[in-house]
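What follows is a set of notes on a single structure, which appears directly below.
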There are 2 protein chains.
Amino acid sequence: MKFDDKVPIYYQIKQHLYHEILAATLKPGDKLPAVRQLAVDLTVNVNTIQRALSEMITEGVIESRRGKGNFVTQDTARLAQLKEQLVMAQLALVYAQLHALNLSDDEIIESLKRYIEQKGAAQND
Amino acid sequence: MKFDDKVPIYYQIKQHLYHEILAATLKPGDKLPAVRQLAVDLTVNVNTIQRALSEMITEGVIESRRGKGNFVTQDTARLAQLKEQLVMAQLALVYAQLHALNLSDDEIIESLKRYIEQKGAAQND
DNA sequence: CCTAGTGTTCTATTTAACTATTACACTATA
DNA sequence: TATAGTGTAATAGTTAAATAGAACACTAGG
């Protein structure tokens with residue numbers, strides 16, 4: 001995994017895991033890879049994995065069972081809520097950024113459409 | 001100015017200045033506030049300001065004139081190019097994030113529209 | 001009971017960002 | 001030429017992220 005050195009690695013790992021869970025690559029109740037395995041896979045230290053996981057445990061996304069492993073919560077309502085929050089946060093961010101560049105609401109929507117069309121033309125998804 | 005502690009301060013300052021320039025709050029040829037003044041305004045050290053500025057000088061956005069000050073470049077073509085790049089980069093980012101959450105192209109566009117409508121309803125812009 | 005696999009915690013060290021401080025270089029102007 | 005305002009650069013110290021390594025706690029299975 002490649003990291004952006006502008007953002008703490010533990011935070012990027014957290015976002016990575018969030019995406020896997022909210023995109024249902026990891027389903028409710030699924031067991032995550034062992035922390036030592038994740039550390040190898042992502043070529044970081046166990047402590048860095050642990051830091052990402054401990055925040056997600058606090059947030060109710062992951063349940064930890066000592067001696068067994070880490071598991072995706074089965075609280076699907078919580079997951080749906082978090083997904084909606086994440087989508088809205090992303091949109092709010094990009095909207096604020098583009099609005100700050102003096103793009104109107106319509107221009108923002110249009111430029112997104114243009115981007116998607118260009119993307120589709122450049123490479124079939 | 002408030003900073004996100006997940007991202008280096010110098011980098012946030014750079015983005016902040018980019019926005020002011022590309023939104024034409026600071027126009028081509030305009031003089032920027034003195035580095036020591038910026039340091040006071042943004043409550044950071046001069047070196048942190050300098051680091052942001054030196055990258056922007058390398059990128060051709062700002063011209064430095066020793067003893068006089070820092071000035072926005074008058075190369076409007078360069079500015080237009082950078083603005084387009086920045087907009088596209090923002091869109092690419094949010095698209096990738098939402099796509100990774102299994103939202104289709106249409107759903108991404110629709111959710112942006114919904115966000116903007118909600119925003120307009122919640123607070124007149 | 002022992003062992004392997006798991007999560008958890010602690011200490012020490014390294015590195016990069018940021019700060020504080022000082023000094024230097026150049027420009028304009030009184 | 002003296003002074004104030006500007007950018008530039010170097011040094012030293014602080015802090016947080018990340019690493020390395022070790023130890024501890026719990027579970028399952030032979």
Side-chain angles (χ1 to χ4, degrees), chain A residues 1-18 20-21 26-75, chain B residues 1-18 20-21 26-75:
Chain A
M1 183 171 176
K2 59 182 188 335
F3 295 105
D4 176 358
D5 65 1
K6 295 287 190 306
V7 181
I9 292 174
Y10 87 90
Y11 195 76
Q12 296 181 56
I13 291 171
K14 185 179 166 185
Q15 290 183 312
H16 170 70
L17 292 174
Y18 255 106
E20 288 202 325
I21 292 171
L26 285 170
K27 297 179 177 45
D30 276 3
K31 183 183 171 189
L32 273 66
V35 290
R36 289 173 182 78
Q37 187 58 48
L38 278 174
V40 171
D41 292 348
L42 304 180
T43 62
V44 297
N45 191 271
V46 176
N47 296 318
T48 309
I49 300 290
Q50 195 64 27
R51 175 156 184 190
L53 291 179
S54 65
E55 289 195 2
M56 296 178 79
I57 291 165
T58 302
E59 290 159 3
V61 183
I62 287 179
E63 284 176 25
S64 168
R65 300 182 204 147
R66 202 182 191 116
K68 292 185 175 176
N70 291 302
F71 299 82
V72 178
T73 182
Q74 295 192 332
D75 183 345
Chain B
M1 182 172 176
K2 59 182 188 334
F3 296 105
D4 175 359
D5 65 1
K6 294 287 190 310
V7 181
I9 293 174
Y10 86 90
Y11 195 76
Q12 297 181 59
I13 291 172
K14 184 179 166 185
Q15 291 182 310
H16 170 70
L17 291 175
Y18 255 106
E20 289 202 325
I21 292 172
L26 285 170
K27 296 179 179 45
D30 275 5
K31 183 183 170 189
L32 273 67
V35 291
R36 288 173 183 77
Q37 187 59 46
L38 277 174
V40 171
D41 292 348
L42 305 179
T43 61
V44 298
N45 191 269
V46 176
N47 296 320
T48 308
I49 299 291
Q50 195 63 28
R51 176 157 183 188
L53 292 179
S54 65
E55 289 195 2
M56 296 178 78
I57 291 166
T58 300
E59 291 159 4
V61 183
I62 287 178
E63 284 175 25
S64 168
R65 300 183 204 146
R66 202 180 188 115
K68 292 184 174 177
N70 291 303
F71 298 83
V72 178
T73 182
Q74 296 193 333
D75 183 346

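Reminder, nothing fancy here: chain letters follow the sequence lines and each chain counts from 1. These numbers come from the heavy atoms of this one structure, side chains and all, not from hydrogens, waters or symmetry mates.
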Atom pairs and distances, side-chain donor-acceptor, residues 27-38 of chain A, under 3.5 Å, sequence neighbours left out:
residue  : atom : partner  : partner atom : Å
Lys27(A) : NZ   : Ala24(A) : O            : 3.0
Asp30(A) : OD2  : Lys27(A) : N            : 2.9
Lys31(A) : NZ   : Lys68(A) : O            : 3.4
Gln37(A) : NE2  : Asp41(A) : OD1          : 2.9

Which residues pass the side chain to side chain contact (heavy atoms under 4.5 Å, CB included) test with [X], not counting sequence neighbours?
{"X": "Gln74(B)", "answer": "none"}
{"X": "Thr73(A)", "answer": "Glu63(A), Asp75(A), Leu79(A)"}
{"X": "Asn45(B)", "answer": "Asn47(B), Thr48(B)"}
{"X": "Ser54(B)", "answer": "none"}

OP1 or OP2 of dT8(C) under 4.0 Å from side-chain N/O of Ser64(A): yes
Distance test, side-chain N/O of Thr48(A) to OP1/OP2 of dA17(D), below 4.0 Å: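 The answer is no; no side-chain N or O of Thr48(A) sits under 4.0 Å from OP1 or OP2.
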Euclidean distance, atom CD of residue Gln50(A) to atom P of dG7(C) [Å, nearest integer]: 8 Å
Base versus backbone protein contacts along nucleotides 21-30 of chain D [heavy-atom cut-off under 4.0 Å; B, S, -]: B-B-BBSS--
Positions of residues 1-17 of chain A (non-hydrogen atom under 4.0 Å from DNA chain C), listed by number: none
Qualifying residues under salt bridge (charged side-chain N to carboxylate O under 4.0 Å, His left out), relative to Glu59(B), sequence neighbours excluded: Lys14(B)
Given Val44(A), Val7(A), Asp5(A), Leu17(A), the one that forms side chain to side chain contact (heavy atoms under 4.5 Å, CB included) with Gln12(A):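 Exactly one candidate clears the test, Val7(A).
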Non-hydrogen side-chain atoms of Met56(B) and Asn70(B) separated by less than 4.5 Å: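 A side-chain contact is absent here, since even the closest heavy-atom pair is not under 4.5 Å.
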